[in-house]
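Computed from a predicted model, the values in this text were never measured in an experiment.
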Amino acid sequence: MSTSMRTSIERASLPALTRLSSLPRVVPFLSMLVLLVAGALVGGPIGFVLMGLATLAVAWLLYLSWPRLTSSERMMRGAVVLLAAALAVVQLFPQT
């Protein structure tokens, strides 16, 4: 079951990945940077949504690349996803 689910997710992701790979390399990087910086500067629910979108994009790419990664790469990329999720939650519930 999980193999068929992975296959269907990979098949559904193929058009988006093809589009991303056709863009200049700097465009996805700058898009993520804009989402993260805007989310950090705006704060509140809007900042949460912006940082959440960036977190979901990184988690999606991690899921797709998971079988090809070494265990140390998995840990590092998983830590990035957790950090991004924590930053999004902090934007939603800031300490005053």
Side-chain angles (χ1 to χ4, degrees):
M1 167 143 170
S2 66
T3 304
S4 63
M5 185 175 101
R6 171 170 280 286
T7 304
S8 65
I9 291 172
E10 288 174 351
R11 194 175 316 119
S13 299
L14 187 60
L17 291 173
T18 303
R19 176 78 175 124
L20 275 174
S21 68
S22 70
L23 295 172
R25 285 186 176 242
V26 72
V27 172
F29 171 76
L30 288 178
S31 300
M32 292 297 291
L33 185 64
V34 165
L35 281 174
L36 291 172
V37 170
L41 293 177
V42 172
I46 295 172
F48 171 76
V49 169
L50 293 173
M51 294 192 106
L53 287 173
T55 302
L56 288 175
V58 172
W60 170 60
L61 292 174
L62 175 63
Y63 177 80
L64 291 174
S65 63
W66 190 265
R68 293 164 189 86
L69 297 175
T70 65
S71 60
S72 62
E73 290 171 330
R74 289 175 181 173
M75 286 186 348
M76 288 186 294
R77 293 178 189 190
V80 168
V81 171
L82 289 176
L83 178 62
L87 289 172
V89 170
V90 166
Q91 290 302 99
L92 189 58
F93 303 107
Q95 295 290 323
T96 55

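For residues 55-82, no pair satisfies salt bridge (charged side-chain N to carboxylate O under 4.0 Å, His left out), with sequence neighbours left out. Screening residues 25-54 for side-chain hydrogen bond (donor to acceptor under 3.5 Å, both in side chains), with sequence neighbours left out, gives no hits. Identified under the side-chain hydrogen bond (donor to acceptor under 3.5 Å, both in side chains) test for residues 80-90, with sequence neighbours left out: none.
Tracing side-chain contacts under 4.5 Å through hydrophobic residues (I, L, V, M, F, W, Y), one never reaches Trp60 starting from Val80; they form parts of separate clusters. In the hydrophobic cluster analysis, where Ile, Leu, Val, Met, Phe, Trp and Tyr join through side-chain heavy atoms closer than 4.5 angstrom, Leu35 is grouped apart from Leu61.
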Table please: side-chain donor-acceptor pairs of residues 36-57 below 3.5 Å, with sequence neighbours left out.
| from | atom 1 | to | atom 2 | distance (Å) |
| --- | --- | --- | --- | --- |
| Thr55 | OG1 | Met51 | O | 2.8 |
| Thr55 | OG1 | Ala84 | O | 3.4 |

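With sequence neighbours excluded, the residues satisfying side-chain contact (heavy atoms from CB on, under 4.5 Å) with Ile9 are Met5, Ser13, Tyr63, Leu64.
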message = Quick one, Leu23 with Leu20, criterion side-chain contact (heavy atoms from CB on, under 4.5 Å). Give me CA distance, side-chain angles, the key distance, then yes/no.
response = CA-CA 5 Å; Leu23 295 172; Leu20 275 174; 4.2 Å; yes
